[in-house]
Amino acid sequence: MLLDNAAPKTPPPQNEPILSYAPGTPERALLKQTLARMSGEMPEVSSVVAGERLRTGTLEEVRSPHAHARVLARLHAGGAAETTRAIAAAREAWPAWSRTPFHARAAVFLRAAELLATKWRPIMNAATMLGQSKTCHQAEIDSACELIDFLRFNVHYAERLYADQPLSPPGMWNAVELRPLEGFVFAVTPFNFTAIGGNLPTSAALMGNTVVWKPAHTAILSSWCWMLLLEEAGLPPGVINLVCGHAPTIGRTALAHPDLAGVHFTGSTGVFQWMWKTVGESIDKYRTYPRLVGETGGKDFLVAHPSADPEALVAAVVRGGYEYQGQKCSALSRLYVAESMWKKMEAPLVDTVRSLKMGDVADFSNFMGAVIDKASYTNLKTTIDAARGDARLKILAGGECDDSVGWFVRPTLVRTDDPRHAYMQDEFFGPLVTMLVYPDKDYDDMLRIVDSTSPYALTGAVFANDRSAIERAHRALRHAAGNFYVNDKPTGAVVGQQPFGGARASGTNDKAGSALNLLRWVSARTIKETFVPPTHYAYPFMKEA
């Protein structure tokens with residue numbers, strides 16, 4: 001909405017309600033129909049640059065992780081040439097988009113949110129389920145609700161940032177303008193959250209920037225659908241340019257360009273460190289200092305005090321560690337349980353983990369799907385096989401792997417008595433939780449071990465009913481997690497409620513879904529206007545007495 005003589009307010013945001021997909025609901029029937037239709041469509045997808053589909057002829061197959069014989073789409077893979085065209089398109093679109101009034105930009109993304117909440121909801125959810133092996137619930141909270149929330153809350157936060165203005169004493173008018181960055185933003189997004197794939201390019205674009213977007217090759221179908229949705233929402237060509245293909249080639253091309261203004265990244269710690277080094281080595285070649293925003297790995301913890309509720313603890317471990325096959329940067333990976341608590345929860349936890357059903361996500365009775373691809377499957381199988389031969393480890397549940405139909409890894413619970421074992425330090429990004437039982441009296445010592453064991457600091461949780469134990473955990477683990485949970489699993493941050501991000505080796509902690517993140521995509525200009533300027537240089541103190 002843009003009016004010449006009005007300052008319109010954007011609609012106040014609310015979190016999108018989560019649909020249940022319970023038997024008999026209309027959303028369940030519609031999603032089932034959409035899954036069946038999209039399973040057999042097999043579209044040809046490609047990079048999208050300035051609205052043009054770049055069909056390179058270099059075709060790669062997009063397959064379902066849980067049914068790897070099923071071809072979902074064929075991708076025209078791009079490389080350096082397509083990236084260069086995308087950068088040129090972003091530069092060409094920048095003058096008009098950077099001057100487009102905020103409310104006109106906001107209208108595009110508010111419309112996108114409404115399209116996603118309605119006609120596109122089953123499409124985006126089905127694309128995420130088929131291409132990334134998410135259950136209907138995991139898709140709903142990700143590719144529908146969280147992405148809708150990102151769009152609506154980002155508009156709200158941006159409006160507040162623009163409205164925050166300095167004091168203007170009598171005789172002058174002061175203002176701060178939040179200008180978009182000069183150049184393009186390079187957005188690189190992961191497979192595990194469609195919402196991140198939608199948010200990283202659009203948050204920068206909302207603030208007036210133009211974007212080159214490289215999604216994960218294992219999230220092509222949902223990324224393609226998101227690009228089509230943005231076009232329907234009215235996003236001008238060239239504002240966000242989708243480039244799909246060989247990641248290192250695309251990355252090197254983008255990072256070498258002198259007009260690189262920022263990097264918005266979610267992915268592995270190693271890749272982000274490579275990007276940071278590459279930018280540093282080229283720092284004298286850029287037009288401006290690029291903004292580097294990254295959310296990377298995690299070795300997320302849960303500490304159970306003797307006073308914890310054992311039933312709540314079992315539920316938190318199962319949901320926090322094994323939902324979406326543990327393929328969340330926030331997923332529970334290391335568990336510390338007091339000895340007295342372990343006696344109460346061992347049997348229920350082990351039995352529950354063993355009972356978890358996994359398979360094709362189109363079967364809504366499954367709790368889990370498959371891991372994302374062969375490389376992930378191989379890495380996890382190798383890790384689990386190594387545990388069997390390690391005298392310091394004991395597999396309590398799971399450990400089975402089967403790649404005959406899909407990349408299936410059973411939810412696995414491993415016990416160790418060594419708090420510094422690699423399984424308590426290294427990120428595996430799969431359905432593998434390593435646990436340690438500690439003497440009740442060593443709770444405070446264990447908190448110090450938790451803080452110092454892993455290089456990461458993304459999410460963590462403490463379970464306790466003893467308030468003193470909770471407060472001691474708050475203090476001891478203050479820097480161990482950017483998102484800290486009390487009596488809750490360490491996953492499931494909600495936009496507008498728990499801004500997400502971590503520090504140390506987990507990233508720059510710029511909190512996606514908050515005003516803190518949006519500030520990284522603007523450069524402030526301060527303006528002072530004096531209504532009646534002085535006409536002489538002299539000050540009163542200079543006069544003779």
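Reckoned from all heavy atoms, side chains included, excluding hydrogens, waters and symmetry mates. We number each residue from 1, following the sequence as shown.
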Donor-acceptor pair between [X] and [Y] side chains, under 3.5 angstrom:
X	Y	result
Asn154	Ser203	no
Ser468	Arg472	yes
Asp300	Asn483	no

Relative to Phe364, does Lys32 satisfy both conditions: NZ or CZ under 6.0 angstrom from the six-membered ring centre, and within 45 degrees of the ring's axis?
yes
I need the minimum non-hydrogen distance between [X] and [Y], along with the two atoms involved.
X	Y	answer
Ala469	Ala464	CB-CB, 4.1 Å
Arg28	Pro23	CD-CA, 3.6 Å
Ile283	Pro290	CD1-CD, 4.0 Å
Thr189	Pro215	OG1-CA, 3.3 Å
Ala493	Glu146	O-OE2, 4.1 Å
Ser330	Leu458	N-CD2, 4.1 Å

Any side-chain heavy atom of [X] within less than 4.5 Å of one from [Y]?
X	Y	result
Trp226	Leu116	yes
Thr459	Thr491	no
Gln138	Lys328	yes
Leu349	Trp342	yes
Arg415	Thr434	no
Val337	Leu436	no
Thr383	Tyr423	yes
Val271	Phe265	yes

Any chance you could lay out the side-chain contact (heavy atoms from CB on, under 4.5 Å) test for Val263 and Val293, step after step, and finish with the verdict?
CA-CA 6 Å; Val263 174; Val293 173; over 6 Å; no
Taking [X] for its side chain and [Y] for its backbone only, find out whether a donor-acceptor pair lies under 3.5 Å.
X	Y	answer
Arg291	Val522	yes
Arg354	Leu396	yes
Ser506	Ala457	yes
Lys511	Gly501	yes
Thr416	Arg392	yes
Glu140	Leu19	yes
Asp440	Glu339	yes
Glu295	Thr266	no
Ser333	Val433	no
Lys299	Asp426	yes

State the [atom1]-[atom2] distance between [X] and [Y], to the nearest 0.5 angstrom.
X	Y	atom1	atom2	value
Thr296	Glu427	OG1	CD	8.0 Å
Lys277	Glu281	NZ	CD	8.5 Å
Phe301	Leu447	CZ	CG	8.5 Å
Thr278	Trp274	OG1	CH2	4.5 Å

Any chance [atom1] of [X] has more than 12 other-residue heavy atoms, nucleotides or ligands included, within less than 6.0 Å?
X	atom1	result
Glu311	CD	no
Lys357	NZ	yes
Arg319	CZ	no
Gln14	CD	no
Arg420	CZ	yes

Please test His264 against Phe186 for ring-ring contact (aromatic ring centres under 6.0 Å, His included), starting from the C-alpha separation and ending with a verdict.
CA-CA 6 Å; His264 205 185; Phe186 184 40; over 10 Å; no
Run the ring-ring contact (aromatic ring centres under 6.0 Å, His included) check on His217 and Phe191 step by step: do they pass?
CA-CA 8 Å; His217 72 282; Phe191 76 85; 8.8 Å; no
Pair Gln498-Ser514, side-chain contact (heavy atoms from CB on, under 4.5 Å): steps then yes or no
CA-CA 9 Å; Gln498 299 98 27; Ser514 77; over 6 Å; no
[X] bridged to [Y] by N-O distance under 4.0 Å:
X	Y	result
Arg448	Asp444	no
Arg152	Glu114	yes
Glu471	Arg467	yes
Arg121	Glu16	yes
Arg475	Asp451	no

I would like to know whether Asn517 and Asp510 meet side chain to side chain donor-acceptor pair (under 3.5 Å); could you show each step before the answer?
CA-CA 5 Å; Asn517 184 275; Asp510 288 295; 6.0 Å; no
Just do the side-chain contact (heavy atoms from CB on, under 4.5 Å) check on Ser223 and Trp213 with the steps written out, would you?
CA-CA 10 Å; Ser223 301; Trp213 172 31; 3.7 Å; yes
Is the ring pair Phe272/Trp276 parallel, tilted or perpendicular, if the boundaries are 30 and 60 degrees?
perpendicular
Taking salt bridge (charged side-chain N to carboxylate O under 4.0 Å, His left out) as the cut-off, I'd like each qualifying pair that reaches into residues 122-137, sequence neighbours left out, listed once.
Lys134-Asp142
Under the side-chain hydrogen bond (donor to acceptor under 3.5 Å, both in side chains) definition, can you give me all pairs with a residue in residues 366-379, not counting sequence neighbours?
none
Would Asn192 and Gln132 count as a side-chain contact (heavy atoms from CB on, under 4.5 Å) if you check the C-alpha gap in whole Å, the side-chain angles of each, and the deciding distance to 0.1 Å?
CA-CA 7 Å; Asn192 59 333; Gln132 292 141 264; over 6 Å; no
Go through Trp407 and His68 one step at a time and tell me if the ring-ring contact (aromatic ring centres under 6.0 Å, His included) criterion holds.
CA-CA 8 Å; Trp407 310 117; His68 48 52; 4.4 Å; yes
His305 and its ring pair (Phe, Tyr, Trp, His ring centres under 6.0 Å) partner, picked from Tyr443, Tyr336, Phe463:
Tyr443
